[in-house]
Amino acid sequence: MIPHKLSSTIPQILNILNDGRIHTGIDIGNDLGISRTAVWKVIKRLQKYNIDIQSQHKGYYLKEPLILLDQRKIEPFLADKRISLEIFETLESTSHYLKSIMPLENQTVCLSEYQSMGRGRLGRRWLSPFGHNIYCSLSSIFKKDIVEMSGLSLVVAVLTANALESFNPRLKVGLKWPNDLYMNNQKLGGILIELMGEAYGNCQAIIGIGLNVNMKDIKLAGLDQPWISLEHITQEKLDRNFIVGYILRTIFEGLDVFQHKGLEAFLPEWEKYDLLRNQKVSLNTGAGKVFGIARGVDSQGLLLVEDSTGSIQKFSYGDASLFKD
Ligand code: BTN
């Protein structure tokens with residue numbers, strides 16, 4: 001699939017339709033200085049993404065307002081002007097895109113309104129409907145050896161939870177090791193970290209963040225676990241630009257701390273968010289299931305599980321869930 005940058009015409013047309021009235025193609029075209037056919041082509045594209053724009057004989061009508069990602073709203077959150085930001089209409093996957101344009105010298109952020117092949121942890125798919133959620137990847141280089149990077153996924157999860165709470169104190173997130181974001185026992189988002197060793201002991205990380213935002217009334221085939229979106233909590237549509245802004249600002253500041261102080265600086269906060277701590281868990285390690293009581297994480301972010309004999313085992317990998325007997 002060819003990466004498609006988000007053109008300004010799409011948000012402009014949506015801005016007109018967001019008033020909930022019926023607009024003719026000619027009126028929209030006149031407002032924007034484009035032809036009626038150009039308007040029609042954009043409407044068709046949006047309809048292909050399942051955006052509910054009705055074409056009536058009187059004109060076009062959009063049922064639910066839709067605010068798209070906007071560079072101008074996000075950039076003020078990026079204090080470091082060397083961070084470059086790219087926004088796409090559609091991509092296979094934001095993380096895949098960043099990898100395809102490596103080597104990246106500066107920190108780069110990539111957002112997309114839609115991912116045709118969004119990827120989750122452990123080889124899963126990440127369903128990515130157009131315009132409702134956040135699909136964000138960022139790249140960063142660390143002056144660390146790859147073995148010191150094991151805590152990064154926990155750090156990014158803590159920082160994302162912090163960002164959401166400072167955006168709106170009602171957004172109380174819990175974290176499931178290593179980096180799932182939960183609210184009310186349902187999955188809100190997830191993080192996918194990919195690490196590449198570089199020369200001179202440096203390490204490049206591609207950090208992918210998927211977050212359900214305005215996804216209250218959507219039916220998605222293929223979603224196999226209970227999920228929740230921020231809209232379920234706030235009961236209103238949110239402007240994703242500000243949420244992305246809070247997340248990026250918090251993450252870039254936090255990555256500096258991680259660079260200098262490592263995971264240790266974040267462990268007290270991890271403990272605060274940790275949903276598994278002192279709970280009965282089952283951990284699918286790929287090589288079989290392990291049952292026990294989760295006892296937090298060690299200094300490298302490995303999950304500690306106490307088995308029935310009272311001894312503690314450490315895990316670097318796996319899919320954990322609460323175990324009810
Ligand atoms: C998980 O399995 O919980 C991790 C999900 C990570 C999804 C994000 S969306 C942005 C980035 N691009 C991808 O293809 N995946 C990550």
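All ligand and atom numbering here is 1-based and tracks the order in the structure.
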Less than 3.5 Å apart, which donor and acceptor atoms pair up between the side chains of residues 252-266 and the rest of the protein, not counting sequence neighbours?
residue : atom : partner : partner atom : Å
Q259    : OE1  : K143    : N            : 3.1
H260    : ND1  : D256    : O            : 2.9

Per-residue contact class, I191 against ligand 1 - non-hydrogen pairs under 4.0 Å: backbone
Among all protein non-hydrogen atoms, which one is nearest to atom 5 (C) of ligand 1, and what is the separation to 0.1 Å? W126 CE3, 3.4 Å
Residue, atom name and distance, where the atom is the protein heavy atom closest to atom 1 (C) of ligand 1: R121 N, 3.5 Å
Should Y135 be counted as touching ligand 1, given the test is an N or O pair under 3.5 Å? no
Under 4.0 Å from ligand 1, counting heavy atoms only, is it the side chain of D180, its backbone, both or neither? side chain
How long is the gap from CD1 on I191 to CD1 on I193, to the nearest 0.5 Å? 6.5 Å
Region of C136 that comes within reach of ligand 1 [heavy atoms, distance under 4.0 Å]: backbone
Consider side-chain contact (heavy atoms from CB on, under 4.5 Å). Of I207, V155, L175, L181, which one does T160 pass it with? L181
Report the part of K187 (side chain from C-beta onward, or backbone N, CA, C, O) that has a heavy atom under 4.0 Å from ligand 1; answer both or neither where that applies. side chain
Near S95 (heavy-atom distance under 4.0 Å), the atoms of ligand 1 are 11 (C), 12 (N)
Any side-chain donor near an acceptor of the partner, Y49 and E113, under 3.5 Å: no
Over 60° means perpendicular and under 30° means parallel, so tell me whether Y246 and F167 are parallel, tilted or perpendicular. perpendicular
Report the member of R119, Q115, E92 with the shortest heavy-atom distance to atom 6 (C) of ligand 1. R119
Side-chain ion pair, R119 and E194, N-O less than 4.0 Å: yes
Pairing of D319 and R124 as salt bridge, 4.0 angstrom limit: yes
Within reach of ligand 1, part of S137 (heavy-atom separation under 4.0 Å): side chain
